[in-house]
There are 2 protein chains.
Amino acid sequence: MQSVAATREANAGNGLTERQGVVLEEALRLLVDGGEKALTTAGVARAANCSKESLYKWFGDRDGLLSAMIGFQASKVRTQDVAASALDAESLSRHLVVFAKDLLEVLSGDVSLALNRLAIGQASREGSKLGHMLQERGRRQIGRRAAALLEAGRKAGLLAFDDADEAYGALYGLVVSDWHLKMLLGEEAGEMKKGFSRKAEQAVSAFLTLYGKKV
Amino acid sequence: MQSVAATREANAGNGLTERQGVVLEEALRLLVDGGEKALTTAGVARAANCSKESLYKWFGDRDGLLSAMIGFQASKVRTQDVAASALDAESLSRHLVVFAKDLLEVLSGDVSLALNRLAIGQASREGSKLGHMLQERGRRQIGRRAAALLEAGRKAGLLAFDDADEAYGALYGLVVSDWHLKMLLGEEAGEMKKGFSRKAEQAVSAFLTLYGKKV
DNA sequence: CCATTTCAGTACCGTACGGTACGGTTCGCA
DNA sequence: TGCGAACCGTACCGTACGGTACTGAAATGG
């Protein structure tokens, strides 16, 4: 559950009133609980105690509501950059493990899974507008954090790679493997969460074997 | 496009008549072209020149049709096991690269993407029956092929790992990274296919760095 | 105190879908 | 030739959704 402060923060850059934010929050809850099928305009209006007419005035149509939900959720996730100074082998490894755990935590969150399912379901038609949006505002964020971390590692002489994207791809693959897809397909996420720590450490260890500068 | 022989093969183990196979083929085409929204019972009946009544007689209801489509498609993908004999470092690497390319090729196929989107869209409700089915009959197949290959490599003294699943997870992650998700979200697959070869070789090279036995 | 705006609540409309029922046709079979 | 099963094509039904229109109440502002 997000705090009121986080919600207000999320509204700031999006031209959303507080009331609209509450409505979007309720819409997200409906989506998480029942999937896209449960996300009807009437259902959102009932759950949020607002009228359908207001929904259409604020968001245009159903697709506008979906876009607003993605933008709203994305703007709530803030990824703090790590201080690049004073990086040694041990602290780099620790930062990478934290990053890996955060990545797994984010990807396994209810809201993230629900929104990804929604965007994937809509990807077939209409140019996959939601998919691009999710990618741009979600993945890009965490990708930048990783890129900064990797770049700092290279600057400090701890990592060796030519193509940062390639290195990030390897890190991402080692960390996530096919867990994301399994969760998207409905595998119970609760059971696997307890293995995240060990998995993150193993992945980082492997990544450092590949890209860590030999001492 | 699949051959008639492949279709007949697919029908063999499923108790499906040839006619029903043709209908499922048409249903898959509809799903690929227009997504789940386009997969209506009336649409399938019209495209396959059969009656809705026959659809319900053969498959029970719409969910039964979806299950049949997944089972039908899965039974068409046959993964030939590799001869485990005469494995040296060079041939193991070659086999791994072939496996990696095949994996990327399968995951980027229209039908695979459409079925994964379908199962993911239905994952929220109803216990994710389709998701389990897709995982069991699709991923399990290629997973066994990889497991056999890895085991053969270990038997030949070329690979070193304790946990085969962990090694396979690393291989899968290095090969696929986040490409699958990007394609599921609608990223144009045509553009990226040309990079598959290079990507497969890089991934295998990295995998061998991690799990290859030092000479 | 009144005028204007905003919005909840509801009723309504058109459409499209899942599922069923029925008439007509083909085909196998005795 | 007659019979029955399978099946196509279509019409039909109930429902649910997206979107619009209307009404009345609360708030806002001079």
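Just so it is clear, the model here is predicted, and its values are computed rather than measured.
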From the options C:dG18, C:dC7, D:dT20, select the nucleotide whose nearest atom is closest to the side chain of A:Ser51. C:dC7
Return the value, rounded to whole Å, for the distance between atom CG of A:Asn49 and atom P of D:dA25. 18 Å
Given atom CZ of A:Phe59 and atom C1' of D:dG19, what is their separation to the nearest angstrom? 16 Å
Any A:Arg19 side-chain nitrogen or oxygen under 4.0 Å from OP1 or OP2 of C:dA8: yes
Any B:Ser54 side-chain nitrogen or oxygen under 4.0 Å from OP1 or OP2 of D:dC8: yes
Quick check for you: among C:dA11, C:dA8, C:dG18, whose closest atom lies nearest to any side-chain atom of A:Lys52? C:dA11
Think B:Trp58 has a side-chain N or O under 4.0 angstrom from the OP1 or OP2 of D:dC7? yes
Starting at the 5' end of DNA chain D and moving along, which residue's nearest nucleotide shows up first, A:Ala42 or B:Lys57? B:Lys57
Between P on C:dA11 and CZ on A:Arg46, what's the gap in Å once rounded to a whole number? 13 Å
Within this structure, what is the CD-to-C1' distance between B:Glu36 and C:dC17, rounded to whole angstrom? 12 Å
For the pair made of CG in B:Leu55 and C1' in D:dA6, what is the distance, rounded to whole Å? 14 Å
Would you indicate whether A:Lys37, at its atom NZ, is surrounded by more than 12 heavy atoms from other residues, nucleotides or ligands within a distance under 6.0 Å? no
Taking A:Ser205 for its side chain and A:Glu201 for its backbone only, find out whether a donor-acceptor pair lies under 3.5 Å. no
Does a salt bridge link B:Arg154 with B:Glu151, judged by any charged N lying under 4.0 Å from a carboxylate O? yes
For B:Glu53 and for B:Tyr56, find the nucleotide of DNA chain C with the closest heavy atom, then tell me which residue's nucleotide is more 5'. B:Tyr56
Atom pair distance, as rounded to whole Å: CD in B:Glu18 and C1' in D:dC7: 17 Å
Within a radius of less than 6.0 Å around CG of B:Asp162, do more than 12 heavy atoms belonging to other residues, nucleotides or ligands occur? no
note: A:Leu39, atom CG; D:dA16, atom C1'; distance rounded to Å ~ 15 Å
Check this for me: A:Lys155, atom NZ, are more than 12 non-hydrogen atoms of other residues, nucleotides or ligands nearer than 6.0 Å? no
Distance check needed: D:dT20 C1' versus A:Asp61 CG, whole Å only. 13 Å
